[in-house]
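Here the structure comes first, spelled out in structure tokens, and everything after it is commentary.
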Amino acid sequence: MSNSEHLANVMVQCFIDAVNDGVDLVPVVADSTSTSKIKPFVDLFPGRLVNVGIAEQVMVGTAAGLALAGKVAVTCNAAPFLMSRSNEQIKVDVCYNNTNVKLFGLNSGASYGPLASTHHSIDDISIMRGFGNIQIFAPACPVECRQIIEYAIRYEGPVYIRMDGKALPVLHDAEFQFTAGEPSLLREGKQVVICALGSVVHEAVAAADTLKEDGLDVAVVNVSSIRPLNRQRLVNQLSGADHVISVEEHNVNGGLGSVVAELMAEQGMTAKLVRLGVEDGGYAAAGDRSYTRKMLSIDSAGIVMVCQQLVHETLV
Amino acid sequence: MAVLSAGKLGPIFFVLIEYLFFIEIKFKSVEILKSYVIGDDMNPFQLDVNGLEKKARAIRRKIIRLNADSPAGGHTGADLSQVEIVTSLYFRLLNCAPDRISDDDRDIYIQSKGHAAGGYYCCLAEAGYFPEDWLPSYQHNDSHLPGHPVRQKTPGVELNTGALGHGLPVAVGLALAAKRDGRSRKVYVLTGDGELAEGSNWEAALAASHYQLDNLIVINDKNKLQLAGPTEAIMKTDPLDQKWQAFGFSVTQCDGNDVASIVSTLEGLKVEGKPNVVIANTTKGAGVSFIAGRPEWHHRVPKGEEIDLALKELADV
């Protein structure tokens, strides 16, 4: 698709723009120069990148130190290793110390498909939600991604950005203005509200469009901002719906499914909720991305089927 | 009067030689201390050996009272082993002062062995970073002085630590930033020796060496004891000097409970292009006879008559 762009390319362009704007931004990678597609940045600003080798703990610790010295430190590596290998450095050096570090979890979810579960990050949102003091975002398209990163670089404090590993088409039009905390309504509808984040928002939108042709009125809410989150806005978007579905390429526990379930329970909302994603105790299947999504019913066909079952009360 | 035989003279002669040798070391150290240039952006105390020793005793007395007052125990042994190290830094070596805690050019000290927060707080209080009357609140509810250092709570604290193996990676970032920004600041990190089992230290050691961070000074408070017992028995770090050398560090050793030895060693670091490590050989619980070298004091605090006994031993003569 012509308007598709890889989110890592968007990220690198944002870094370049920031440095050109006078921001003292320092990317820190753990041998992940190709993963982060950072070459254009290195070519323009030789000597600015820090590469600590295959060593995620010191990658995050070093970023915290750079931030304490006044830099805007951004780490760029594969989300699964960032989350698990440098977990305590994120918790202590970044969150607890409140350092101005931006963590980019690249190729998140099941982006690495056939490379299997060592390379999948289906727990990153739940881990980040357990930590204090860090903002959490998951852009769904290049336009939104750019605005989230621009916001994150200006914001003083820890940020985690969950980045998909494939080129994604533009979802938001030119007038779109990202505001931290605001879930955006992409399709209006009253029978079912689908909440989604990241690249599977595209699956949700395709499902809603298909269902509309079948006469079903389905809304899609893009919850790209997990923390902060304007809870009242999301409540308003969910209220009145008979059914709610959450869709994420992430474990249903601790991720978007939990965010929505907690909100609905706390508000006493009575709509039935179905959480789609990696089931409790499970892993994402190793395989082609479309296969993995099919297995988890988070592809558009799966979402369509779940919606129809919900509306026709045939879902068990 | 008993007649001294040749056999008895031997040991006395040996002791005399040792004493002269000791005097010479002290003399040399004092000479080194005198040569230290005092500038505007320097340590405001600039204490000599005698002054540092007196401060160390005062800080030890504070450590005894602080731990005795703590409602949640303390790490008395670890607090005491590092006293001469932090005293030498805060009262002579660090280019930092209570009124310059946000100065971009100040030297940075990171207490990576965060469990010795008590000893760190006593030193900071003695140096005037916060009011001394905060000390009795150590580990009390919502205190300025929690059980591990928290920079948002305590003026002068540079990094929240307590989980081990965090100081050195962050110090690498700080030292790297200083190099790139052309700042003259130095970054000091104090680790325990048991703490060196944490792999993050060695990831950071690779990076420190790779980026030639000669403005980074790692001090290992090698008191040879950790929570479960002797470091040698739990997970030996020796030969520690060879390990650091292999990682590309310039390695020196000192007596970590002797201020003259610490100061002359730290002021003598000159190797360009290499990060520094100073292996400070210490005694856990140093300074108090019934605490020194005893593993049970890792997480014990003085009680009852122990408090008076310790304070008596630590009185200025």
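What you see is a predicted model, and the numbers here were worked out from it, not measured in a lab. Letters go in sequence order (proteins before strands), and every chain restarts at 1. The figures that follow rest on heavy atoms only: side chains count, while hydrogens, waters and symmetry mates do not.
Within a 6.0 Å radius of CZ in Arg85(A), no more than 12 heavy atoms belonging to other residues, nucleotides or ligands are found. Counting heavy atoms of neighbouring residues, nucleotides and ligands inside a 6.0 Å radius, atom NZ of Lys236(B) does not exceed 12 of them. Annotation for Gln245(B): atom CD counts as buried by contact number, over 12 foreign heavy atoms lying within 6.0 Å. Heavy atoms from other residues, nucleotides or ligands lying under 6.0 Å from CG of Asp142(B) number 12 at most. Around OH of Tyr155(A), the count of heavy atoms belonging to other residues, nucleotides or ligands within 6.0 Å exceeds 12. Surrounding CG of Asn141(B) are at most 12 heavy atoms belonging to other residues, nucleotides or ligands under 6.0 Å away. Around CD of Glu272(B), the count of heavy atoms belonging to other residues, nucleotides or ligands within 6.0 Å does not exceed 12.
The candidate with the highest count of non-hydrogen atom pairs below 4.5 Å against chain B, out of Asn97(A), Ile54(A), Val58(A), is Asn97(A). The greatest number of non-hydrogen atom pairs below 4.5 Å with chain B, out of Ala69(A), Ala64(A), Ala73(A), is found for Ala69(A). Heavy-atom pairs under 4.5 Å with chain B peak, among Gly47(A), Ala67(A), Ala63(A), at Gly47(A). Most heavy-atom pairs under 4.5 Å with chain B: of the set Gly61(A), Ser86(A), Gly53(A), Gly70(A), this distinction falls to Gly61(A). Counting heavy-atom pairs under 4.5 Å between each of Val187(B), Leu206(B), Asp181(B) and chain A puts Asp181(B) at the top.
Interatomic distance, Glu88(A) CD to Leu164(B) CG, rounded to the nearest 0.5 Å: 8.5 Å. Atom CG of Leu66(A) and atom CG of Leu174(B) lie 7.5 Å apart (nearest 0.5 Å). The line from CG of Asn51(A) to NE2 of His210(B) is 7.5 Å long, rounded to the nearest 0.5 Å. Of the inter-residue distances, the one linking Arg180(B) atom CZ with Arg48(A) atom CZ reads 8.0 Å to the nearest 0.5 angstrom.
Gln89(A) contributes no side-chain N or O that, together with a main-chain N or O of Val170(B), makes up a donor-acceptor pair within less than 3.5 Å.
Neither the backbone nor the side chain of Val60(A) comes within contact range of chain B, judged by heavy atoms closer than 4.5 Å. Contacts between Ala204(B) and chain A at a heavy-atom distance below 4.5 Å involve backbone atoms as well as side-chain atoms.
When all heavy atoms of Val150(B) and Tyr96(A) are compared, the pair lying nearest together is CG2-OH, 3.1 Å. Heavy atoms only, all atoms of each residue included: Arg151(B) and Asn98(A) are closest at NH2-O, 3.7 Å.
Screening Ile108(B), Leu159(B), Ile110(B) against Leu68(A) for a side-chain contact (heavy atoms from CB on, under 4.5 Å) leaves a single residue, Leu159(B).
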